[in-house]
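Have a look at the structure below, then the notes.
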Amino acid sequence: MPSPAPVPGSPPPPPAGTARTPWWRTGWARVGFVLAVPVLGVLNAFLGFLMLVLALVLLWWGNVWRKRWKATATVAAVILFGAILPPAPRDRTSDTVAEADEKARNAGGPGDSSAPAPRTKPKVAPKVPDYRGMRLDEARKKARTDGFTVGDHNASDHDDAIWMRSNWTVCFQRTGTSSSSSRTIDFGAVPTDAPCPERDGEAIPWPPMPDLVGATWKAAQKKLVALGVRPDRTYADTAYANDQLPDEGEYDKWQVCTHDPARKEPITDSTWVTLWLSAPDNDCPAGAGRDNGSAELPDRDDDGDPDYHDPFPGDRNRNSTFPDGLSGSSGGSSESSSGSSGGGGWGGCRSRWC
């Protein structure tokens, strides 16, 4: 009986007298294993899967077929196994829901699909209160009540620590979430008398000193108060060394000759302002601003009382303070001289703080 023709790509039959190849390693056996994959898969999917694994092992282990034949046989085995797999089971849940809707529509019940389905409201993050402008200690207390973990820092370009939070004002606030998922808020604050910077961490925009030369004391004070300078931080002095300010309220019309800080210098919360004044009857000294308080007004009798103010400009023994004569003087020149050297009517104090 003639022997069967060899499978293409399989080795020629061994010559007589040599050891025979095991049947399961022959080309026909490998083809048979591939064809057995769908047969067993129809009976049981697990058996079909085991046969697929066995067929793949035999196709690639010790097989002298060309690589493209191995690959073709592998793809064929996988396709045959996939073809006999049962379809995926249908989702009975959707069928049940559809049947329930159909029954509800027929009965006119609440399952009627024509009725709009209720919308689920999205979760909205709680609105963060605005604490800006509040005193820092009050803002911290309120934020803790609102459920925040609170921190604070100096909002200016300085790294100064915050002391006495009651003297600081909130300019900025930044919210976040901690590692423990708690809400946090960090306040950027500046001293209460300071303006807020444009951005957190920038310099405080202190107002510049205006030019007050020529303005009256009363007008100058109003301008300074508008810039945040408290009235008790404004100091008045005379522009002339031998002049003296009258009682408070009586030099409102005296004019400013010079001032410190100078024009355009920043006015901070710790600035003290000094205004050197001259009476309306007098012009400002030529060296105002350079030699403050060193120039003197004319005083013909040299009694310490400038002529514009002295009711007795030619009498050394009488001035505005002692119109009846200096105490203890008899009108003599020596006594007048000693009386004058004793201080005269104006004394040594020239400012409103005397």
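- Not one N or O on the side chain of Asp260 forms a donor-acceptor pair closer than 3.5 Å with the backbone of Thr274.
- Here the shortest heavy-atom pairing between Asp299 and Asp307 reads CA-OD1, 3.4 Å.
- The environment of CZ in Arg183 is crowded: more than 12 heavy-atom neighbours from other residues, nucleotides or ligands sit within 6.0 Å.
- Taking both residues in full, the closest heavy atoms of Ala155 and Pro197 are given as O-CG, 3.5 Å, listed atom of the first, atom of the second, then distance.
- One distance of note links CG of Asp243 with OG of Ser278; it measures 6.5 Å at 0.5 Å rounding.
- His259 contributes a side-chain N or O that, together with a main-chain N or O of Pro261, makes up a donor-acceptor pair within less than 3.5 Å.
- With Thr184 contributing its side chain and Gly176 its backbone, the two residues share a donor-acceptor pair below 3.5 Å.
- Checked by atom type and distance alone, the side chain of Thr177 never pairs as donor or acceptor with a backbone atom of Ser181 at under 3.5 Å.
- Minimum heavy-atom separation, Lys223 to Leu212: CD-CD2, 3.7 Å.
- At least one donor-acceptor pair closer than 3.5 Å links the side chain of Asp186 to the backbone N or O of Asp152.
- Annotation: the span from His158 atom NE2 to Asp160 atom CG amounts to 6.5 Å, rounded to 0.5 Å.
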Starting from the C-alpha separation in whole Å, work towards a yes-or-no answer on side chain to side chain contact (heavy atoms under 4.5 Å, CB included) for Thr234 and Val229.
CA-CA 8 Å; Thr234 304; Val229 181; 3.8 Å; yes

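- Inspection of the Tyr131 and Asp146 side chains reveals an N or O donor paired with an N or O acceptor under 3.5 Å.
- Atom CZ of Arg144 has more than 12 neighbouring heavy atoms from other residues, nucleotides or ligands inside a 6.0 Å radius.
- Between the Thr192 side chain and the Asn167 main chain, a donor and an acceptor come within less than 3.5 Å of each other.
- Other cluster members for Val190: Ile204, Trp206, joined by side-chain heavy-atom distances under 4.5 Å among Ile, Leu, Val, Met, Phe, Trp and Tyr.
- Linking Ile, Leu, Val, Met, Phe, Trp and Tyr whenever their side-chain heavy atoms come within less than 4.5 Å puts Phe187 and Ile162 in one cluster.
- Note on Arg199 versus Glu202: salt bridge recorded, some NZ/NE/NH1/NH2 to OD/OE distance being below 4.0 Å.
- Here the OH atom belonging to Tyr251 is positioned 12.5 Å from the NZ atom belonging to Lys218, to the nearest 0.5 angstrom.
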Output, in order, the C-alpha distance, side-chain angles, deciding distance and verdict of side chain to side chain contact (heavy atoms under 4.5 Å, CB included) for Thr238 and Leu277.
CA-CA 5 Å; Thr238 58; Leu277 309 176; over 6 Å; no

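- Other members of a hydrophobic cluster containing Val225 are absent, since no ILVMFWY side chain comes under 4.5 Å of it, directly or through relayed contacts.
- Atom CG of Asp211 has more than 12 heavy atoms from other residues, nucleotides or ligands within 6.0 Å.
- Side-chain N or O atoms of Trp168 include one that pairs as donor or acceptor with a backbone N or O of Trp163 at under 3.5 Å.
- Judged by distance alone, with hydrogens and angles left aside, the side-chain atoms of Asp193 form no donor-acceptor pair with the main-chain N or O of Asp269 at under 3.5 Å.
- The two residues Trp217 and Ala236 make their nearest non-hydrogen contact at CZ3-CB, 3.4 Å.
- Contact record, Pro210 with Ile267: CD-CD1, 4.3 Å, taken as the closest heavy-atom pair.
- Taking every heavy atom of both residues into account, Val213 and Thr258 meet most closely at CG2-CA, 4.2 Å.
- Looking at Gln173, its side chain does come within 3.5 Å of a backbone N or O of Pro129 through a donor-acceptor pair.
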